[in-house]
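Presented below is the structure to which this report refers.
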2 protein chains.
Amino acid sequence: MLPKKTKYAIKALILLAREYKEQRPLKISKIAEAERIPRKFLEAIMVQLRNEGIVESKMGPTGGYTLLKHPEEVMLSTIIRSTGGPIALLPCVSLNFYERCDECVHEETCGLRDVVLEVREASIKILSKTSLADIIKRENKLIKKHNLQ
Amino acid sequence: MLPKKTKYAIKALILLAREYKEQRPLKISKIAEAERIPRKFLEAIMVQLRNEGIVESKMGPTGGYTLLKHPEEVMLSTIIRSTGGPIALLPCVSLNFYERCDECVHEETCGLRDVVLEVREASIKILSKTSLADIIKRENKLIKKHNLQ
DNA sequence: TTTGTATCCTACAAAATTAGTAGTATATTT
DNA sequence: AAATATACTACTAATTTTGTAGGATACAAA
């Protein structure tokens, strides 16, 4: 499962992506309120996203956060990794949180690892082709569909 | 990520599956030793697997655990669920650990949920078609491949 | 140049989850 | 009856997650 931290990060970035055309910084307090994220927690998350080069920050009044890249270029897989969310089901197939199974004698011949590797591949395939822009598109589509019924 | 509990369960069941033709109960101590799983911890896991109807236990000397179904019928997805391992990336798309996002206003129109739903589908597709027998087959194949090089 | 506002940074703390242990009861075979 | 294996109950320890508190720093506007 993804930690809340990762979910919050994605939610916040979706909001920034919606504001992207304006290119006006969004304040943490605004984001926290809109997405119902604990303010202080979001603060820490945003700093992390800045360190990862995903957003830009500006201090002082008129300050806040802006998306650094175009929403079509910010992939879900990138956000998940940047906030420490693991994608793989086991550490032995994780690219970013790799850890050898201490009980496995031969990692290369582990059948479970082989399957879990396949699952990771399938997941990453989806997550690395889905951008913030895609999520917004999906959202608009779902809203339309939902209103029709 | 899957908890160790789930990984240990799968490892233990693979061993039982390898022994399936014999239909002779395997003792916890043997399994724990072979797979390097803490003995007492494995004990608790095996009881859970028995309650879930995956294995059968027999007490006393000559006792131990036996697989209840044919290895081809025991699917990875079943083991994962039986031991409490979540497959989904978020609780709001989990079948067995469902939990509403408290910050989402409309679950049905959440774009992130929509993507994560797709990832879950892809993962389950693989995990629910892979049996213990399949894992053993993969293992044999990997060993052959590994020895040739 | 002061004041207000926003992010930045360090250091915690509470809560939840995971991983594992201890000890005893119960069943079964020899 | 003795030996051996699982079953059950009740903890404990460690780790991770999810936050919070409080002051430092940057910056714009009056």
Side-chain angles (χ1 to χ4, degrees), chain A residues 1-12 16 24-33 35-52 54-68 80 83-86 89-91 94 97 99 101-103, chain B residues 1-12 16 24-33 35-52 54-68 80 83-86 89-91 94 97 99 101-103:
Chain A
M1 290 252 181
L2 298 177
K4 285 205 171 184
K5 193 193 207 177
T6 297
K7 191 173 71 167
Y8 290 159
I10 298 171
K11 291 272 188 178
L16 287 184
R24 229 174 28 197
L26 259 184
K27 279 178 285 185
I28 279 183
S29 55
K30 284 284 170 198
I31 302 173
E33 201 182 329
E35 300 300 329
R36 301 200 207 168
I37 302 168
R39 220 216 124 187
K40 273 293 197 178
F41 195 22
L42 181 60
E43 215 173 271
I45 294 168
M46 295 312 290
V47 169
Q48 204 172 341
L49 291 175
R50 189 209 50 182
N51 289 339
E52 296 284 335
I54 294 174
V55 297
E56 190 179 42
S57 69
K58 201 188 158 198
M59 283 176 113
T62 78
Y65 284 94
T66 332
L67 210 57
L68 256 179
I80 293 175
T83 54
L89 288 178
L90 291 175
S94 175
F97 304 94
E99 225 172 284
C101 286
D102 21 312
E103 69 275 5
Chain B
M1 289 252 181
L2 296 178
K4 286 205 170 183
K5 195 194 211 178
T6 297
K7 190 172 72 168
Y8 290 159
I10 298 172
K11 291 273 189 177
L16 287 184
R24 229 176 28 200
L26 261 183
K27 279 179 285 187
I28 280 184
S29 55
K30 284 286 171 197
I31 302 173
E33 202 182 328
E35 300 298 331
R36 301 198 208 168
I37 301 169
R39 220 219 122 182
K40 272 292 197 179
F41 195 22
L42 180 59
E43 214 174 272
I45 295 169
M46 294 312 289
V47 168
Q48 203 172 342
L49 291 176
R50 190 209 48 180
N51 290 338
E52 295 285 334
I54 294 173
V55 297
E56 192 178 41
S57 70
K58 199 189 158 197
M59 284 176 112
T62 75
Y65 285 93
T66 332
L67 210 57
L68 256 181
I80 294 176
T83 53
L89 288 179
L90 291 176
S94 175
F97 305 93
E99 226 173 283
C101 287
D102 22 311
E103 70 274 6

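A note on names: the letters A, B, ... follow the listed sequences, proteins ahead of strands, and every chain is numbered from 1. Because the structure is a prediction, the values reported are computed rather than measured.
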Take A:Val55 and A:Leu67, measure what side chain to side chain contact (heavy atoms under 4.5 Å, CB included) needs, and give me the verdict at the end.
CA-CA 5 Å; A:Val55 297; A:Leu67 210 57; 4.1 Å; yes
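- In this structure, B:Lys30 atom NZ and D:dA5 atom P are separated by 9 Å, rounded to whole Å.
- In terms of heavy-atom proximity, A:Pro86 sits nearest to B:Leu89 at O-CD2, 4.5 Å.
- When the C1' atom of D:dT6 is taken as reference, atom CG of B:Leu26 falls 14 Å away, rounded to whole Å.
- Annotation for A:Leu16 and A:Met46: closest pair CD1-CE, 4.0 Å, computed over non-hydrogen atoms.
- Between B:Glu43 and B:Lys40 there is a salt bridge, since a side-chain N of the basic residue sits under 4.0 Å from a carboxylate O of the acidic one.
- What separates CG of B:Leu42 from P of D:dT6 is a distance of 9 Å, to the nearest Å.
- Scanning all heavy atoms of the two residues, the minimum distance from B:Ala9 to B:Ile45 falls at CB-CG2, 3.8 Å.
- Atom CZ of A:Arg50 is separated from atom CG of A:Leu68 by 11.0 Å, given to the nearest 0.5 angstrom.
- Proximity of B:Cys101 to B:Pro91: side-chain heavy atoms (C-beta onward) are nowhere separated by under 4.5 Å.
- In summary, contact between chain A and DNA chain C, defined as any nucleotide atom under 4.0 Å from a heavy atom of the protein, begins and ends at C:dG4 to C:dC9 in the 5' to 3' direction.
- Summarising the geometry, atom CD1 belonging to A:Ile10 is positioned 6.0 Å from atom CG belonging to A:Leu2; distances are rounded to the nearest 0.5 Å.
- The distance from atom CD of A:Gln48 to atom CG of A:Asn51, rounded to the nearest 0.5 Å, is 7.5 Å.
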Could you pull out the protein-nucleic contacts involving nucleotides 7-14 of chain D (nitrogen or oxygen on both sides, under 3.5 Å)?
from: D:dA7; atom 1: OP1; to: B:Arg50; atom 2: NH1; distance (Å): 2.7
from: D:dA7; atom 1: OP1; to: B:Ser57; atom 2: OG; distance (Å): 2.6
from: D:dA7; atom 1: OP2; to: B:Tyr65; atom 2: OH; distance (Å): 2.1
from: D:dC8; atom 1: OP2; to: B:Arg50; atom 2: NH2; distance (Å): 3.2
from: D:dC8; atom 1: N4; to: B:Glu43; atom 2: OE2; distance (Å): 3.2

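- Looking at B:Pro25 and B:Tyr65, their side chains never come closer than 4.5 Å, going by heavy atoms from C-beta outward.
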Which atom pairs link the protein and nucleotides 16-18 of chain D when you take only N or O atoms and keep those under 3.5 Å?
from: D:dT18; atom 1: OP1; to: A:Lys4; atom 2: N; distance (Å): 3.4
from: D:dT18; atom 1: OP2; to: A:Lys4; atom 2: N; distance (Å): 3.0

